[in-house]
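All remarks here apply to the structure that follows.
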Amino acid sequence: MSEQNANDAGPAQQTEPAEHVVLEEQIDLWRGYVQRRRAISAADVDEMEDHLRGQVSDLTASGLEDEEAFLVAVKRMGNLDEVSREFAREHSDRLWKQLVLVPEDPGDGGRWRELAVVLALAVGAGIVLKVLLAATTGNELVLVRNAVFAVLPFLAGYFVWKRHVPWRVSALLVAVTTALALVVNLYPFEPGEFDAPGMTEFLAITHTPVVLWLLLGVVYAGGAWRSSARRMDFVRFTGELIIYLALIALGGGLLIGLTFGSLSLVGVDFEPFLGDWLLPFALPGALLVGAWLVEAKKNVVENIAPVLTRVFTPLTIVMLVAIFVVLLVNGPLTAVDRDLLILMDAILVLVLFLLLYSISARDPLAPPGIFDWLQLVLVGAALAVDAVALTAMLTRIAEFGFTANKVAALGLNLVLLVHLAWAAWLATGFVRGQRAFGAIERWQTQYLPVYAVWAAIVVVTFGPIFGFA
């Protein structure tokens, strides 16, 4: 901030400190949004902020309140997407340079050091996974139970190192992770048919990664998990990581397929090396390197994500309407297959993730548009499907009784119902001009811990409650 702007801010701080604090928070949000436009450099952002503050100062001097002056000044700055596109046209070389994996300047040791840390952690995760694989030969279930504990701590270690997470937070997360590992491995779960895991064991295995991933969000936020902005950053990180992992998987799968085919033609069996050595190191390596790419090239794929959400949102609406009609006309709800009801929860989770990621990529200062109405339709369709699925679940439980998987599906359904219902209420107020978009964003991030709590309840309590069956 320039000295002039600092002096301009002084009287406001003395006469209206609360209002000035709100103004500073609004400017911080605006600056964070501009910084995600990768065609705009840090120096450009500083210059734009200086200009914005000058506009706000002039407007407040003319008699406007701080909040009103901020809104008018932002409007005068123009649409940020248009500003970003203009910068991209003028500085297209910046976008290409961002795709370089490591800095061209050998003197820039920070990026090289970070890459070395990531590769070391990836090798460490591969070694642990390889040792686990060797120790559990003939018992694949033990490997499945513990693979997540072998890999995710190394990814958490990367963010502990990068974010300088306080040791108290790190120690608490290590304790929670250790407790989960003990629960999953020491509970006397009964085996299912054909050496498959029993239902309570299956639920523990599938819900543990959910708890651990949301705990990773605490590390990603540097321990400041109460910050709504940090939580939304973790949502963006998760979405971008999925995109990077998909690209890495496609490229890696192609290379493995070509190698496998070439070696098979000369009589070399590549499969033992693939299963015993390549995959144990490649899988955690892809996760660690993908996370590093998201951090190093943060939001380079941000222009892709909004396009994907706009493409899949109408398609998802069509899918939900079709499912809703099928559920209604398919006879009595008790006849609906239970696997279909469980699949409904998975579809609703996908809808929720689509909603979350589209919100994370939206300009919070832009007025409501057609796509906001389309998202409201999406949430409404999801609520309709959720209501029918919930009714079918309750009907089946009333007729056939409680089981672990029914209660797990019912609980997740209720958690999703609350999330989507309040999101619909907030979105309705926004598109009608009665509520700011920030309320929608805050609700999405504030509700995330509920999923971790429910997943933890399933892991820890369902075994004893249902006799470890």
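Just so you know, residue 1 is the first one in the sequence shown, and it goes up from there.
Side-chain atoms of Tyr187 come within 3.5 Å of backbone atoms of Val460 as a donor-acceptor pair (strictly under, hydrogens ignored). With hydrogens and angles disregarded, a donor-acceptor distance shorter than 3.5 Å links the side chain of Asn146 to the backbone of Val142. Distance alone, capped at 3.5 Å, is enough to place a donor-acceptor pair between the Ser358 side chain and the Leu355 backbone. For Asp372 (side chain) and Val431 (main-chain N/O), no donor-acceptor pair under 3.5 Å exists by modelled atom type. No side-chain donor-acceptor contact under 3.5 Å links Thr208 to the backbone of Ile205.
Considering all non-hydrogen atoms of both residues, Val219 and Arg163 come closest at O-CG, 3.8 Å. Contact detail for His419 and Trp443: the closest heavy-atom pair is O-NE1, 3.2 Å. Counting all heavy atoms, side chain and backbone alike, Ala439 lies closest to Leu426 at O-CD1, 3.6 Å. The two residues Asn413 and Leu348 have their closest heavy-atom pair at ND2-CD1, 4.4 Å. The shortest heavy-atom contact between Leu279 and Pro284 is O-CD, 4.0 Å. The shortest non-hydrogen separation linking Leu383 to Ala421 is CD2-N, 3.6 Å.
A parallel orientation is assigned to the rings of Phe281 and Trp277, their planes being inclined by less than 30° (bins at 30° and 60°).
Using a 4.5 Å heavy-atom cutoff, the side chains of Leu152 and Thr177 are not in contact. Between Leu288 and Leu119 there is no side-chain heavy-atom pair separated by less than 4.5 Å. Contact check for Glu201 versus Leu141: side-chain heavy atoms found under the 4.5 Å cut-off. Between Pro314 and Leu374, some side-chain heavy-atom pair lies under the 4.5 Å cut-off. In this structure, Phe353 and Ile242 have side chains that are in contact, with non-hydrogen atoms separated by less than 4.5 Å. Put simply, the side chain of Leu293 does not reach to within 4.5 Å of the side chain of Glu240, judged on heavy atoms. Within the 4.5 Å cutoff, the side chain of Met232 has heavy atoms near those of the Ile359 side chain. You'll find the side chain of Val117 reaches within 4.5 Å of the side chain of Leu121, heavy atoms only.
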| message | Would Glu140 and Arg145 count as a salt bridge (Lys or Arg N to Asp or Glu O under 4.0 Å) here? Give the steps. | response | CA-CA 9 Å; Glu140 295 181 356; Arg145 279 202 302 257; over 6 Å; no
| Given the rule in the side-chain contact (heavy atoms from CB on, under 4.5 Å) test, do Tyr451 and Leu352 qualify, once you have shown the distances and angles that lead to the verdict? | CA-CA 12 Å; Tyr451 292 94; Leu352 179 63; 2.9 Å; yes
| Residues Tyr158, Glu114; criterion side-chain hydrogen bond (donor to acceptor under 3.5 Å, both in side chains); working and verdict | CA-CA 9 Å; Tyr158 165 54; Glu114 184 172 342; 2.5 Å; yes
| Between Phe237 and Phe159, does a ring pair (Phe, Tyr, Trp, His ring centres under 6.0 Å) hold up when you go through it step by step? | CA-CA 12 Å; Phe237 164 79; Phe159 289 118; 5.3 Å; yes
| query | When you look at Phe149 and Leu180, which way does the side-chain contact (heavy atoms from CB on, under 4.5 Å) test go after all the steps? | reply | CA-CA 9 Å; Phe149 295 106; Leu180 285 174; 4.1 Å; yes
| field | side-chain contact (heavy atoms from CB on, under 4.5 Å) between Leu320 and Ile347, worked out | value | CA-CA 9 Å; Leu320 289 174; Ile347 293 174; 3.9 Å; yes
| task | Go through Leu287 and Phe154 one step at a time and tell me if the side-chain contact (heavy atoms from CB on, under 4.5 Å) criterion holds. | result | CA-CA 10 Å; Leu287 181 64; Phe154 287 90; over 6 Å; no
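Atom CD1 of Ile440 sits about 12.0 Å away from atom CH2 of Trp422, to the nearest 0.5 Å. Note that CG of Leu115 and CH2 of Trp292 are 4.5 Å apart. Values are rounded to the nearest 0.5 Å. Note: Leu354 CG to Thr313 OG1 = 4.0 Å, rounded to the nearest 0.5 Å. In this structure, Asn405 CG and Thr200 OG1 are separated by 10.5 Å, a value rounded to the nearest 0.5 Å. To the nearest 0.5 Å, the span separating OG1 on Thr238 from CG on Leu216 amounts to 7.5 Å. With rounding to the nearest 0.5 Å, the separation of OH in Tyr220 from CH2 in Trp225 is 11.0 Å.
Environment of CZ in Phe312: sparse, with no more than 12 heavy atoms of neighbouring residues, nucleotides or ligands closer than 6.0 Å. Tyr447 OH: more than 12 foreign heavy atoms inside a 6.0 Å radius. Within 6.0 Å of atom CD1 in Ile370, 12 or fewer heavy atoms from other residues, nucleotides or ligands are found, so the atom counts as exposed in its surroundings.
Between Glu441 and Arg231 no salt bridge is recorded (no basic side-chain N to carboxylate O distance below 4.0 Å). Using a cutoff of 4.0 Å between basic side-chain nitrogens and carboxylate oxygens, Asp233 and Arg230 are not scored as salt-bridged.
Geometrically, Arg236 does not engage Tyr357 in a cation-pi contact, judged by NZ or CZ lying under 6.0 Å from the ring centre and within 45° of the ring axis.
Between Thr461 and the choices Val458, Val459, Ile457, the side-chain contact (heavy atoms from CB on, under 4.5 Å) rule is met once, by Ile457.
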